[in-house]
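Start at 1 and go down the list; that is how both ligands and their atoms are numbered.
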Amino acid sequence: MKRAPADGWLLRDAIPDTDAAACLDVYAPFIRDTSVSFEEIVPTIEKFRDRMRANIATHPWLVLVVDGQVVGYAYGSQHRSRASYRWATDVTVYVDPAHRGVGAGRRLYGALLERLRHQGFQVACAGITLPNDASVGLHRAMGFEAVGIYRRIGWKAGTWHDVMWMQLELVPPTDAAPPEPLRPSG
Ligand SMILES: CC(C)(COP(=O)(O)OP(=O)(O)OC[C@H]1O[C@@H](n2cnc3c(N)ncnc32)[C@H](O)[C@@H]1OP(=O)(O)O)[C@@H](O)C(=O)NCCC(=O)NCCS
């Protein structure tokens, strides 16, 4: 658990029972009103809580709390299920509109990437529905590089969407066999 020294922000591991509702409050508008998320129906709180529980068994999920309120969250998740992909992790971040542009995304990702590195993941991947200048900007700012664009890969809100994939080497690349990723330590 870390407390930002100057501004009172609290960055901590998510607790599904406590934080599911607040995280879903941040996330739901992106399902309902945008193509940032390709989900089409807002999950129930119970389903979202179960999703968080399953996720934190293998990957970190962090929340940023300001004045007692979760204003953003970021998490890692399985990139793909085939065994050889297990050193790759997807990453996702959502910040409440009222708290954007003041470093929340950077703070969440800085801590998330450090945790993923510590667990032994080698590569972080982000799929970004285009256009999304803020997300592309944040990922570039964190060192991610664009690797390609899936064209017309998702249909939502009456139109096709492209998705840009960006990736970050979490550790210096080597050809040595990587150690198995660890479970989150919390
Ligand atoms: C993307 C998002 C998480 C960024 O969070 P944020 O807290 O506003 O970002 P920060 O203030 O930490 O900015 C960090 C960097 O991101 C970049 N950035 C942030 N907003 C940007 C914008 N609107 N345009 C371009 N770059 C931007 C900048 O490089 C910034 O670096 P700086 O602080 O040195 O200027 C936020 O806009 C968001 O929640 N968007 C909606 C959800 C979303 O798109 N999530 C990503 C899904 S792939």
Student: Run through ligand 1 for me and note each protein residue having a heavy atom under 4.0 Å from it, chain first, then residue number.
Tutor: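 Residues within 4.0 Å of ligand 1: Phe30, Val36, Val93, Tyr94, Val95, Arg100, Gly101, Val102, Gly103, Ala104, Gly105, Arg106, Gly127, Ile128, Asn132, Asp133, Ala134, Ser135, Gly137, Leu138, Ala141.
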
Student: Which of these passes ring-ring contact (aromatic ring centres under 6.0 Å, His included) with Trp160: Trp155, Tyr150, Phe38?
Tutor: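 Exactly one candidate clears the test, Trp155.
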
Student: Can a salt bridge be assigned to the pair Lys47 and Asp50 using a cut-off of 4.0 Å between side-chain N and carboxylate O?
Tutor: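 Salt bridge absent between Lys47 and Asp50.
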
Student: Distance only, no hydrogens: is a donor on one side chain within 3.5 Å (strictly under) of an acceptor on the other, for His161 and Thr129?
Tutor: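 There is no such pair (donor and acceptor under 3.5 Å, judged by atom type) between the side chains of His161 and Thr129.
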
Student: Going by atom type alone, with no hydrogens or angles, which donor-acceptor pairs under 3.5 Å involve a side-chain atom of residues 74-92 and a protein atom two or more places apart or on another chain?
Tutor:
unit_1	atom_1	unit_2	atom_2	d
His79	ND1	Asp90	OD1	2.5
Arg86	NE	Glu180	OE1	2.8
Arg86	NE	Glu180	OE2	3.4
Arg86	NH1	Ala83	O	2.9
Arg86	NH2	Glu180	OE2	2.7
Trp87	NE1	Pro179	O	2.8
Thr89	OG1	Ser77	N	3.4
Thr89	OG1	Ser77	O	3.3

Student: Out of Leu10, Ile15, Asp19, which residue meets the side-chain contact (heavy atoms from CB on, under 4.5 Å) rule with Val63?
Tutor: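 Testing each of Leu10, Ile15, Asp19 against Val63, the sole residue satisfying side-chain contact (heavy atoms from CB on, under 4.5 Å) is Asp19.
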
Student: Quick one: do Glu114 and Arg117 make a salt bridge, cutoff under 4.0 Å?
Tutor: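 Arg117 and Glu114: salt-bridged.
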
